[in-house]
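Following: one structure in structure tokens, then a few remarks.
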Protein chains: 2
Amino acid sequence: MAGGCRLVVVTALLSIGEFATVTHLSVKTLRHYHDEGLLVPEQVDPHSGYRYYSPDQIPTAQVIRRFRDLDMPVREIARLLGTDVDGRAGMITDHLARLERRLAATTEAVGALRRLLTPDPPRLEVVHRREPARRVVAVSEEVRRADVLRWYSGAMAEIDAVVPRALRTGPPGGQYDNALFTHGAGRATVFVPADRDVAEGRVRSITLPARELALTVHRGPHDDIDVTYGALGAHLAEHALRLDGPVHENYLVGPRDTADSDAWRTEIGWPVFTTTPG
Amino acid sequence: MAGGCRLVVVTALLSIGEFATVTHLSVKTLRHYHDEGLLVPEQVDPHSGYRYYSPDQIPTAQVIRRFRDLDMPVREIARLLGTDVDGRAGMITDHLARLERRLAATTEAVGALRRLLTPDPPRLEVVHRREPARRVVAVSEEVRRADVLRWYSGAMAEIDAVVPRALRTGPPGGQYDNALFTHGAGRATVFVPADRDVAEGRVRSITLPARELALTVHRGPHDDIDVTYGALGAHLAEHALRLDGPVHENYLVGPRDTADSDAWRTEIGWPVFTTTPG
DNA sequence: GCGGGACTCTCCCGTGGCGGGAGGGTGCAG
DNA sequence: CTGCACCCTCCCGCCACGGGAGAGTCCCGC
């Protein structure tokens with residue numbers, strides 16, 4: 001506290017290197033944040049282009065660093081800092097929710113990997129069945145693969161609100177365009193079978209056409225469903241059957257029926273070209 | 001099970017689209033994995049370039065999908081699949097450990113953010129002190145910023161093994177090149193003060209030169225240390241002091257002394273140009 | 001045998017958040 | 001004034017794909 005400094009300059013500015021040193025953000029990073037408008041230096045020398053930061057910007061830089069540590073995208077942080085305090089809380093909550101979802105996904109992936117690497121489950125049985133045309137209450141939209149799970153929840157909730165359980169003539173189901181898998185986006189349809197004419201919000205009554213299906217039943221959580229898909233696909237390939245149209249799923253036993261994911265049963269039906277007359 | 005299929009072809013191959021459909025990997029992804037050598041189609045038509053996959057490759061694709069779900073890099077998966085079973089377990093363990101570290105880092109970041117957004121801690125006190133030259137036992141290397149923490153553990157463990165506690169003349173410390181922060185890589189030195197001549201492995205006795213330091217003490221976990229750095233930096237900027245050389249840290253109370261991270265004390269000293277004679 | 005539509009191919013560019021490096025200007029101390 | 005550390009602006013690379021253009025291929029039905 002004893003004096004001894006040259007001069008007390010009220011608005012001493014820091015060069016980019018000094019600012020990098022005190023904030024622990026690299027020079028490259030600071031220039032990037034300037035380009036992105038996330039952290040604009042208080043002064044920029046119009047002649048040399050040198051950036052000069054105010055000590056007052058240090059706390060902002062620290063907040064930015066914290067959010068980047070949490071993998072929040074730079075543009076989102078910029079929006080965050082440009083929002084009033086009320087909005088911020090919501091954005092932070094949203095981001096933490098995303099992190100939680102990512103964590104859950106990782107945990108699931110670990111479990112799925114462990115199950116995959118443990119001894120093989122029994123071979124699946126495949127049956128062929130002609131599915132007749134059905135009247136269903138459905139939501140159908142173009143979706144992206146990464147969004148399917150959340151989209152499903154929303155759509156099914158909407159259907160639930162419209163069609164009471166008593167009126168249903170079977171378990172819920174879904175149809176998924178092949179393009180969803182081959183191109184990462186395509187049409188998805190979820191439905192419950194019901195003899196009812198409905199048109200509310202996204203919910204519509206439609207008639208699913210009759211199809212020839214190769215069917216099997218997946219047992220257990222949906223994280224492993226691709227294994228059954230693969231086994232079914234291998235079966236079809238070995239029998240030289242060709243796929244024809246979107247895959248069908250019927251949720252015979254699902255999360256709404258029991259919390260025990262090992263008890264879940266999902267019927268997977270793949271339309272195949274009819275190769276035998278009648 | 002009743003017949004009716006056209007023909008049973010023993011080695012029916014799948015086009016890339018069919019393979020994408022049954023494995024839930026996109027066509028783009030499959031082509032990428034082919035380019036990277038991760039999943040090479042069983043046959044490639046030399047004329048048309050069409051890729052054809054065997055049903056036997058479906059399980060491999062599923063394993064790959066699982067590892068990608070866990071964010072394992074493509075090249076690492078390729079190495080994994082090219083390694084014998086013994087090596088695999090180790091690689092998987094390593095990767096899971098990485099995931100765990102990432103999770104821990106996220107948890108810490110959430111805590112650090114929360115602390116940063118809660119009411120301000122009391123202003124820090126900065127004192128100036130002339131640090132005399134010191135004889136220390138040290139490890140000094142060029143490191144990258146992201147590796148500093150792990151490098152520190154290893155280096156300090158090596159020092160611990162060489163210098164018994166009884167011989168030490170003070171708490172452990174470290175020096176970190178400014179380039180570590182400005183450029184993400186630079187020289188780091190960790191040491192314990194001790195009057196001893198040592199040269200074992202990476203451990204060497206060296207003499208730290210005398211320096212004029214602006215000092216403050218950081219209280220609490222190291223995740224928040226950048227806040228104190230920022231405050232110290234702001235202090236220096238406001239007093240128009242210029243930085244001179246690598247920053248010093250002295251671990252007065254650290255994780256080896258108590259598990260209560262709130263009790264930790266880290267002295268941070270920044271060399272400044274001597275501005276007063278004597 | 002000939003459409004035509006669905007499928008597939010190979011580029012090439014874009015993403016996000018920087019790091020590396022080239023080539024050249026600036027600021028400051030001795 | 002000279003040297004050197006610092007700073008500038010490009011531009012490219014990373015990683016795991018997605019998007020899209022432009023061209024070739026497959027196969028079914030007629």
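Naming convention: chains lettered A, B, ... in sequence-line order (proteins, then strands); numbering from 1 in each chain.
Nucleotides of DNA chain D nearest to A:Lys28 and B:Thr182 differ in position, and the one nearer the 5' end is that of B:Thr182.
Side-chain N/O atoms of B:Tyr229 and B:Glu249 include a donor and acceptor closer than 3.5 Å.
Taking only side-chain nitrogens and oxygens, A:Thr29 never comes nearer than 4.0 Å to OP1 or OP2 of C:dG17. Here A:His47 reaches the OP1 or OP2 of C:dT26: one of its side-chain N or O atoms lies under 4.0 Å away. Here B:Tyr33 does not reach the OP1 or OP2 of D:dA16: none of its side-chain N or O atoms lies under 4.0 Å away. At the phosphate of C:dT8, neither OP1 nor OP2 sits under 4.0 Å from any side-chain N or O atom of B:Arg51. At the phosphate of C:dG19, neither OP1 nor OP2 sits under 4.0 Å from any side-chain N or O atom of B:Arg144. For A:Ser15 and D:dC7, the shortest distance from a side-chain N or O to OP1 or OP2 is below 4.0 Å. Residue B:Ser26 has a polar side-chain atom (N or O) positioned under 4.0 Å from OP1 or OP2 of D:dG18.
By the salt bridge (charged side-chain N to carboxylate O under 4.0 Å, His left out) test, B:Arg65 is found to be paired with A:Asp226, residues two or more places apart in sequence or in another chain being considered. With sequence neighbours left out, the side-chain hydrogen bond (donor to acceptor under 3.5 Å, both in side chains) criterion links B:Gln57 to no other residue.
Expressed to the nearest 0.5 Å, how far OG1 of A:Thr21 lies from NE2 of A:His24 amounts to 8.0 Å. Atom-to-atom distance recorded for A:Arg101:CZ and A:Arg98:CZ is 7.5 Å, nearest 0.5 angstrom.
Looking at heavy-atom distances under 4.0 Å, B:Arg75 makes contact with sugar-phosphate atoms alone, never a base.
Direction change of the helix axis from one end of the helix from C:dG1-D:dC30 to C:dG30-D:dC1 to the other is 20°, with five pairs defining each end axis (rounded to 10°).
Using a cutoff of 4.0 Å between basic side-chain nitrogens and carboxylate oxygens, B:Arg66 and A:Asp224 are scored as salt-bridged. Under 4.0 Å is where a charged nitrogen must lie from a carboxylate oxygen, and between B:Glu212 and B:Arg130 at least one such pair does.
Nucleotide C:dC9 holds its P atom 10 Å from the CG atom of B:Asp45, rounded to whole Å. If you measure from atom CD of B:Glu36 to atom P of D:dA16, you get 7 Å, rounded to the nearest angstrom. Here C:dG17 presents its P atom at 21 Å from NE2 of B:His183, a figure rounded to the nearest Å.
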